[in-house]
Amino acid sequence: MVAEPEEPPGTLSMALAEYGDISYAIRYTRWLVWTYPPEVTEVELPGGMNALVDEPGLLVLRTDELPDEPLEIGYQLDGERRTVTVLPPF
């Protein structure tokens, strides 16, 4: 799921939900959840995405469609700017 040889600090996971809407159509939604240690600061969201939760130690992103391109999440760790690239499908 991560494009880099080095995993991001903390835990990065994905959850998938399937549900029926009021028209009885089957819908899907995905959550990308990153829990990270206090040493991680200045987390930047991927372009065009809003966070359901964006607070120190926890980032939750939601998408109802499968993205075609990787998501890049920027962050600061030990005074160094880093990026984690999450590959689709997630």
Side-chain angles (χ1 to χ4, degrees):
M1 174 159 88
V2 176
E4 298 164 4
E6 181 182 329
E7 291 287 324
T11 302
L12 184 63
S13 59
M14 188 270 300
L16 171 66
E18 178 181 302
Y19 63 96
D21 66 11
I22 59 172
S23 66
Y24 301 103
I26 299 298
R27 304 280 184 204
Y28 299 94
T29 192
R30 288 159 191 79
W31 294 277
L32 183 66
V33 180
W34 183 27
T35 56
Y36 53 88
E39 297 82 31
V40 172
T41 60
E42 300 180 30
V43 175
E44 293 177 1
L45 302 178
M49 291 199 79
N50 294 320
L52 291 175
V53 179
D54 183 8
E55 55 186 56
L58 178 62
L59 177 65
V60 180
L61 303 174
R62 177 185 171 179
T63 180
D64 294 330
E65 298 178 14
L66 281 174
D68 295 330
E69 299 187 18
L71 296 177
E72 291 190 356
I73 303 170
Y75 62 97
Q76 186 96 10
L77 179 64
D78 298 330
E80 183 179 319
R81 192 84 200 130
R82 299 182 185 196
T83 303
V84 60
T85 303
V86 182
L87 301 173
F90 64 81

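Quick caveat, the model's predicted, so the values are computed rather than measured. Heavy atoms only: backbone and side chains are in, while hydrogens, waters and symmetry mates are out.
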* Structure fact -> Note: Pro8 and Val84 closest approach over all heavy atoms is CG-CG2, 3.7 Å
* For Pro70, side chain to side chain contact (heavy atoms under 4.5 Å, CB included) partners two or more places apart -> Thr85, Leu87, Pro88
* To do: Determine the minimum heavy-atom distance between Tyr36 and Pro9, stating which atoms define it.
  => CB-O, 3.8 Å
* Structure fact -> Glu39 meets the side chain to side chain contact (heavy atoms under 4.5 Å, CB included) criterion, sequence neighbours left out, with Pro37, Leu77
* Asked: How many angstroms lie between atom CD of Glu42 and atom CZ of Arg82, to the nearest 0.5 angstrom?
  -> 13.5 Å
* Looking at side-chain heavy atoms only, is the closest gap between Leu59 and Leu45 below 4.5 Å? -> yes
* Residue pair Ile73 / Pro46: nearest heavy atoms and the distance that separates them -> CG1-CG, 3.9 Å
* To do: Could you list the residues that satisfy side chain to side chain contact (heavy atoms under 4.5 Å, CB included) with Leu16, not counting sequence neighbours?
  => Met14, Tyr28, Arg30
* Asked: Is there a donor-acceptor contact under 3.5 Å from the side chain of Asp78 to the main chain of Glu80?
  -> no
* To do: Assess whether side-chain contact (heavy atoms from CB on, under 4.5 Å) is satisfied between Thr63 and Leu71, documenting all intermediate values.
  => CA-CA 11 Å; Thr63 180; Leu71 296 177; over 6 Å; no
* To do: Check side chain to side chain donor-acceptor pair (under 3.5 Å) between Thr11 and all other residues, then give those that pass, not counting sequence neighbours.
  => none
* To do: Could you tell me which residues satisfy side chain to side chain contact (heavy atoms under 4.5 Å, CB included) with Thr29, sequence neighbours excluded, listed by chain and number?
  => Ala17, Tyr19, Trp31, Arg62, Asp64
Side-chain donor-acceptor distances from residues 47-55 under 3.5 Å, at least two apart:
none

